[in-house]
Asker: 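My questions all concern the structure below.
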Amino acid sequence: GGYTPGQWTPSGRADPSAKLELLFMIKQTNVDKLEAILELVSDPRSPEYGNHLTNDEVHALVAPMDEHLFAVQRFLASYNVTGVSMTPNSDIVSAVVTVKQAEEMLGAEYHNHAHPASEHVAMRTKTFTLPSDVAAAVDVVAPTTSLPAVTKPLVYTGKSRTDDLGVSAKKLRSLYSVGSTVGKAEGNRHAVTGFLKQHFHPADLKEFWTLQMGGVDAKSPKVKQVGDGVTGLSAGVEAELDIEYINALGANIESEFWGFSGNSPDNPQNEPFIKWLQVVSNTSDKEVPLIFSTSYGEGETTTTLDTAQRTNTEFMKAGARGISLLFASGDSGAGCSSDKKFIPNWPAGSPYVTGVGGTTGVPEKAVGLASGGFCNRWGRQSWQADAVNGYLTTASGIPDQKFFNKSGRGFPDISAQATGFTVVANMIPMPGVAGTSCASPTASGVFALLNDLRLAAGKSSLGFLNPFIYQNMDKFNDITEGGNSGCDGEEGFPAAKGWDPVTGVGTPNYEKLAQAVLALP
């Protein structure tokens with residue numbers, strides 16, 4: 001979706017009696033070991049490939065030190081507040097308090113912030129403080145200072161898009177060599193996430209199925225709903241886009257919508273993105289989806305480094321369990337900061353997720369809106385080093401290096417169509433929906449079918465995808481035309497042979513990828 005930072009406006013002090021769910025993210029141990037295991041179980045060249053950890057093993061590995069848990073519990077008890085463990089190892093502890101209590105505990109001052117475009121209200125504080133023993137015990141306390149990103153796909157109306165006659169389920173299935181393939185393996189599950197007021201209506205998915213899924217031998221799925229913000233009065237285009245297209249490609253696979261609104265009625269306010277990660281940690285291996293598609297993000301520096309590093313660990317925990325996380329790369333092109341540099345996006349640029357860029361038209365070319373580039377916070381990753389160095393040394397028309405960090409993690413990793421989608425929302429088909437939030441669920445549906453082949457053959461799920469992706473670049477449709485928008489009169493990045501920072505290694509070719517995943521142990 002389009003990332004719109006800075007459109008939150010303060011609207012007065014928060015009601016002192018309103019409820020907040022404070023999540024204390026307690027420092028973890030052995031994070032370096034977790035990363036080493038993630039590398040081994042995700043690298044097709046490693047003898048440990050596919051030997052994922054169970055959720056219990058992950059949580060035993062990174063369990064916080066007792067003294068840190070005691071410090072947080074003592075702190076809460078001193079205010080007569082009960083801390084509740086939210087994960088198998090208590091690395092996230094929840095305390096439901098009133099705003100008045102939170103302000104006393106944290107030396108904070110909570111204000112309401114309104115986001116007029118989405119009618120969302122979030123309570124946040126400019127600053128807060130913790131006693132030194134508690135500060136030493138936690139990575140993050142939320143919600144405190146950071147406001148959630150608000151994303152929404154772009155909707156073009158009228159005749160402004162003549163380059164593309166629209167995208168349908170059938171066209172995507174043909175373009176990505178999926179044909180009439182549907183899932184059949186026991187225990188395969190995919191999910192999309194929705195944050196803030198992105199609601200999902202089952203009737204819309206049914207209508208989409210009737211309009212678009214003729215010739216595919218699969219019924220419109222009954223979607224399992226997880227979280228506090230799933231259904232609401234009117235359906236969100238983003239939510240419907242995600243659930244319709246992950247199922248259009250990943251048909252006949254159990255499907256889930258994980259919705260976290262941050263301030264749903266009858267629930268205390270929370271930080272929706274962190275709430276999602278907490279629920280993943282607390283969902284058993286038998287029930288957790290094997291793929292999540294998320295169309296949520298913002299400029300890299302919008303999130304504090306502490307929060308980003310802790311989020312990376314939560315991503316690693318998921319990957320070590322064999323869960324794939326795909327994120328839309330964003331719709332701001334290469335981005336443009338106030339000091340005239342490109343802006344990499346987060347979380348699509350995290351080294352522990354798969355970023356999905358965007359293409360348009362047939363034959364496919366890179367689409368200008370698709371975000372991509374090089375991270376400032378995270379260095380180039382070993383699994384992508386050859387591909388990214390290849391781009392930087394051989395592609396022509398690369399922007400001046402003063403605009404970007406050439407040693408950073410390059411993103412996105414892959415791409416899919418991102419314009420001309422028709423989405424059924426509130427029972428009305430809306431044509432012309434665009435954004436990488438079209439691409440992420442599309443690519444996720446294809447990878448869900450690849451997981452299906454492996455599960456049916458008695459093999460593990462694919463888990464963290466990036467080492468596999470870069471070792472199998474020839475199984476993707478390489479996109480070499482087009483580029484993304486830039487900054488200060490400088491073009492963004494051009495697409496090129498091999499990897500590029502707009503389309504990654506390209507769009508998925510299911511037939512070629514199917515052979516590759518079945519050949520893996």
Side-chain angles (χ1 to χ4, degrees), residues 1-9 115 117-118 146-156 160-161 295-305 307-308 327-350 353 355-360 365-380 388 391-392 395-413 415 418-419 434-440 479 481-496 499-504:
Y3 304 163
T4 48
Q7 292 184 4
W8 291 91
T9 46
H115 194 276
S118 68
S146 72
L147 282 155
V150 178
T151 64
K152 54 181 202 305
L154 314 159
V155 180
Y156 295 109
S160 61
R161 306 291 292 172
S295 300
Y296 173 97
E298 54 205 328
E300 190 176 72
T301 50
T302 322
T303 306
T304 65
L305 186 58
T307 302
F327 280 83
S329 69
D331 300 337
S332 46
C336 196
S337 67
S338 54
D339 60 353
K340 302 288 188 269
K341 287 192 169 42
F342 295 155
I343 303 177
N345 279 338
W346 166 263
S350 163
V353 307
V356 186
T359 63
T360 187
K365 56 182 192 287
V367 65
L369 61 83
S371 293
F374 295 84
C375 296
N376 295 318
R377 281 181 172 172
W378 325 115
R380 174 107 70 262
V388 176
Y391 175 80
L392 289 172
S396 54
I398 293 178
D400 187 316
Q401 295 194 346
K402 68 176 191 218
F403 284 95
F404 66 96
N405 167 28
K406 67 175 195 292
S407 62
R409 182 259 202 264
F411 80 103
D413 304 295
S415 52
T419 63
T436 53
S437 48
C438 299
S440 182
I479 312 301
E481 301 288 317
N484 62 8
S485 58
C487 183
D488 198 30
E490 181 86 21
E491 289 286 310
F493 294 99
W499 178 87
D500 61 70
V502 198
T503 66

Asker: Quick one: pull up CZ in R377 and CD in E300 and give me the separation to the nearest 0.5 Å.
Answerer: 5.5 Å

Asker: Less than 3.5 Å apart, any donor N or O on the side chain of T419 or T360 sitting next to an acceptor on the other?
Answerer: yes

Asker: For E490 and F403, indicate whether the former's side chain and the latter's backbone hold a donor-acceptor pair under 3.5 Å.
Answerer: no

Asker: Are the side chain of R380 and the backbone of G408 linked by a donor-acceptor contact shorter than 3.5 Å?
Answerer: yes

Asker: Working to the nearest 0.5 angstrom, can you tell me the gap between F342 CZ and C336 SG?
Answerer: 8.0 Å

Asker: Looking at W499 and P412, would you say the former's side chain and the latter's main chain have a donor-acceptor pair under 3.5 Å?
Answerer: yes

Asker: Once you round to the nearest 0.5 Å, how far does CZ of F404 lie from CZ of F493?
Answerer: 4.5 Å

Asker: Minimum heavy-atom separation for T359 and S415, please, with both atom names.
Answerer: CG2-OG, 3.7 Å

Asker: Considering non-hydrogen atoms only, spot the tightest contact between C438 and A418 and give its length.
Answerer: CB-CA, 4.0 Å

Asker: Is the side chain of S146 donor-acceptor paired with the backbone N or O of T303 at a distance under 3.5 Å, no angle test?
Answerer: no

Asker: Does T307 offer a backbone N or O that forms a donor-acceptor pair with the side chain of T304 under 3.5 Å?
Answerer: yes

Asker: Show the nearest heavy-atom pair for residues W378 and A308, with the distance to one decimal.
Answerer: CZ2-CB, 3.8 Å

Asker: Can you measure from CD1 (I343) to OG1 (T302) and round to the nearest 0.5 angstrom?
Answerer: 8.0 Å

Asker: Nearest 0.5 Å, please: how far is CG in N405 from CZ in F374?
Answerer: 8.5 Å

Asker: Please check: side-chain N/O of W346 versus main-chain N/O of C375, any donor-acceptor pairing under 3.5 Å?
Answerer: no

Asker: What is the minimum heavy-atom distance between G335 and C487, and which atoms define it?
Answerer: O-CB, 3.7 Å

Asker: With distance as the sole test, does N345 use its side chain to make a donor-acceptor pair with the main-chain N or O of S329 at under 3.5 Å?
Answerer: yes

Asker: Do you know which two heavy atoms are closest between A334 and G486, and how far apart they sit?
Answerer: CB-CA, 4.4 Å

Asker: Give, for atom OG of S350 and atom CZ of F411, the distance between the pair rounded to the nearest 0.5 Å.
Answerer: 11.0 Å

Asker: Any side-chain heavy-atom pair from S332 and S485 closer than 4.5 angstrom?
Answerer: no

Asker: Specify the closest pair of heavy atoms between P494 and S396, including all atoms of both residues, with the distance to one decimal.
Answerer: CG-O, 3.4 Å

Asker: Are any side-chain N or O atoms of S371 and backbone N or O atoms of G333, one a donor and one an acceptor, separated by less than 3.5 Å?
Answerer: yes

Asker: Hey, does the side chain of T436 reach the backbone of G357 with a donor-acceptor pair shorter than 3.5 angstrom?
Answerer: no

